[in-house]
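Heavy atoms only: backbone and side chains are in, while hydrogens, waters and symmetry mates are out. Not measured: the values here are computed from a predicted model.
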Amino acid sequence: MSIYLKTGKVLPEWTDYNGHMNLAFYIHLFDSSWEVLLEKFNIGENITLSNDLGDLNIKACIVEYIESLDVNNKVEVTNKTISLYNKFV
């Protein structure tokens, strides 16, 4: 099952000298989308800070290049959970 998180576009400052999106900004895009996911489950910034809760983190992030992204390309971010660690379920 995939969960839709957000849609955006590749900004010029996210690209390398070839005009392709730089790896660091793929991770930035995933990270900002993670916040959207936390809010969907009501465990985002406001709840975490107001209840003095610890944060959640991602153990691994796999970036698979299916095709390159260029300036102004539309980007749609979805989340697909592959596995869960029993301690946190």
In chain order, what residues pass the side-chain hydrogen bond (donor to acceptor under 3.5 Å, both in side chains) check against Asn22, with sequence neighbours excluded? none
By side-chain hydrogen bond (donor to acceptor under 3.5 Å, both in side chains), Lys40 pairs with (sequence neighbours left out) none
Taking all non-hydrogen atoms of both residues into account, name the closest pair between [X] and [Y] and its distance.
X	Y	answer
Asn18	Asp16	N-OD1, 2.9 Å
Thr15	Val71	CG2-CG2, 3.5 Å
Glu76	Tyr4	CG-CE1, 3.7 Å

Once rounded to the nearest 0.5 Å, what's the spacing between atom [atom1] of [X] and atom [atom2] of [Y]?
X	Y	atom1	atom2	answer
Ile27	Trp34	CD1	CH2	13.5 Å
Ser2	Asn79	OG	CG	7.5 Å
Ile3	Ser33	CD1	OG	12.0 Å
Lys9	Asn73	NZ	CG	10.5 Å

More than 12 heavy atoms of other residues, nucleotides or ligands under 6.0 Å from CD of Glu67: yes or no? no
Would you call the rings of His28 and Phe25 parallel, tilted or perpendicular, taking 30° and 60° as the class edges? perpendicular
Taking C-beta and beyond as the side chain, do Leu69 and Trp14 meet within less than 4.5 Å on heavy atoms? no
Using modelled atom types only, decide if a donor and an acceptor are shared between the side chain of Tyr17 and the backbone of His20 within a distance under 3.5 Å. no
Using the rule side-chain contact (heavy atoms from CB on, under 4.5 Å), only one of Val75, Leu29, Leu37, Thr78 pairs with Lys6; which is it? Leu29
